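Positions are given from 1 along the sequence. Atoms considered below: every heavy atom in the structure, side chains included; atoms not considered: hydrogens, waters and symmetry mates. None of the values given here were measured: they were computed from a predicted structure. Just so you know, ligand 1 is whichever comes first in the structure, and atom 1 is the first atom listed for that ligand.
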Amino acid sequence: MKKIATIVVLVLTASIAFIGCDNKRETGKIYMPDMAYSRAYETYAQRDSAAFTTDATAKGAKIYYDNNPVQGTIKRGELFPYTLPNDSNGYKMSATVMNPIAAMTEAQMKEAGRLFNINCAICHGEKGAGNGPIATAGKIGGIANLTLEAYVKMTDGTMFHSLTYGKNNMGSYASQLSRDQRWMVIKYVRSLQPKPATEAAAAVSDTTKKI
Ligand code: HEC
């Protein structure tokens, strides 16, 4: 009796084991499909393609990736989009755009300095004097010395425009730094610059007033 039971169990186990792979051309029977197939919510699954495209005409067939956030959307906590166009007219108009950050706390200034040293100092130098390692190695020409008068006079808006779109040998920082961070870094650049002549004179007259 015991022998028969052992044989039955063995036969059953063997047949269950072989049911799954009796025909190589068919997929085997699946025990626990939840484990075989992912139940993850696959947004683009109906497109049946793992290939990404940036070609708008192939949008229906493949996963379309245009590198930009959905039009008209703003990331939580992000500033309003910058709308001036990347052309000479936009560059000119950028001079009137105000920096939304009036004053920075000590912590913000420290963070802005960290971002500057990571992203900008390689070219512009830690003090912004245009003598970072890439500049001194002569790899990239025309790196701006941000402590010069021309840049002291340049408005925050124009700097933001150039950081957003890039300018000649300087690339765009729109994907590395959020809008908020770009405005912060500009404030940091200001801290590296000598004070404009008029402001310095005003400061002097202020002191005389106090005396
Ligand atoms: C790859 C080297 C490089 C890096 C990195 C770089 N810059 Fe520049 N930057 C340049 C060059 C070159 C110019 C001069 C562009 C021109 O006027 O031809 C420039 C110009 C500028 C200007 C003047 C823009 C104008 O409108 O004339 C500002 C402001 C500036 N950079 C700030 C920054 C800040 C802030 C960062 C970091 C987020 C940064 N740069 C990173 C190379 C660089």
Any N or O of Asn119 closer than 3.5 Å to N or O of ligand 1: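 Looking only at distances, the answer is no, because the N/O contact criterion of under 3.5 Å is not met.
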
N/O separation below 3.5 Å, Tyr91 to ligand 1: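 There is such a contact, yes.
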
[X] heavy atoms, cut-off 4.0 Å: which ligand 1 atoms fall inside?
| X | result |
| --- | --- |
| Asn169 | 12 (C) |
| Ile122 | 5 (C) |
| Gly141 | 12 (C) |
| Ile140 | 1 (C) |
| Tyr151 | 23 (C), 27 (O) |
| Val185 | 35 (C) |
| Leu177 | 38 (C) |
| Met159 | 29 (C) |

Hey, quick one: are Val97 and Tyr188 part of the same hydrophobic cluster, counting side-chain heavy atoms closer than 4.5 Å, chains of contacts allowed?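 In one cluster with Val97: Tyr188, yes.
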
So if you build clusters from Ile, Leu, Val, Met, Phe, Trp, Tyr with side-chain heavy-atom gaps below 4.5 Å, do Tyr151 and Tyr91 land together?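 Linked, Tyr151 and Tyr91 end up in one cluster.
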
Measure from the side-chain N and O atoms of [X] to the backbone N and O of [Y], and report whether any donor-acceptor pair falls under 3.5 Å.
| X | Y | value |
| --- | --- | --- |
| Arg179 | Phe80 | yes |
| Ser172 | Gly166 | no |
| His124 | Ala129 | no |

Just to confirm my output: which protein heavy-atom neighbour is closest to [atom], and how far is it?
| atom | result |
| --- | --- |
| atom 14 (C) of ligand 1 | Gly142 O, 3.3 Å |
| atom 5 (C) of ligand 1 | Tyr173 OH, 2.8 Å |
| atom 16 (C) of ligand 1 | Asn168 ND2, 3.5 Å |

From [atom1] ([X]) to [atom2] ([Y]), nearest 0.5 Å:
| X | Y | atom1 | atom2 | answer |
| --- | --- | --- | --- | --- |
| Trp183 | Leu163 | CH2 | CG | 9.0 Å |
| Ser88 | Met93 | OG | CE | 10.0 Å |
| Met154 | His161 | CE | NE2 | 10.5 Å |
| Leu115 | Ser178 | CG | OG | 8.5 Å |

Name the residue from Met159, Lys195, Met104 that meets the side chain to side chain contact (heavy atoms under 4.5 Å, CB included) definition with Arg190.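 Only one of Met159, Lys195, Met104 forms a side chain to side chain contact (heavy atoms under 4.5 Å, CB included) with Arg190, namely Met159.
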
Quick check: closest heavy atoms across Thr164 and Phe160, and the distance to 0.1 Å?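 That would be OG1-O, 2.7 Å.
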
Which bit of [X] gets closer than 4.0 Å to ligand 1, counting heavy atoms only: side chain, backbone, both or neither?
| X | value |
| --- | --- |
| Met154 | side chain |
| Ile186 | neither |
| Leu115 | neither |

What orientation do Tyr165 and Tyr82 show, parallel under 30°, tilted 30 to 60°, or perpendicular over 60°?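 The arrangement is tilted - the two ring planes meet at 30° to 60°.
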
Pair Lys110-Glu106, salt bridge (Lys or Arg N to Asp or Glu O under 4.0 Å): steps then yes or no: CA-CA 6 Å; Lys110 211 173 146 205; Glu106 212 172 290; over 6 Å; no

Mind listing the protein N/O/S atoms less than 2.8 Å away from atom 8 (Fe) of ligand 1? Waters don't count.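 Protein N/O/S atoms under 2.8 Å of atom 8 (Fe) of ligand 1: His124 NE2, Met170 SD.
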
Return yes when atom CD of Glu78 has more than 12 non-hydrogen atoms of other residues, nucleotides or ligands closer than 6.0 Å, and no otherwise.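 Counting other residues, nucleotides and ligands, CD of Glu78 exceeds 12 neighbours.
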
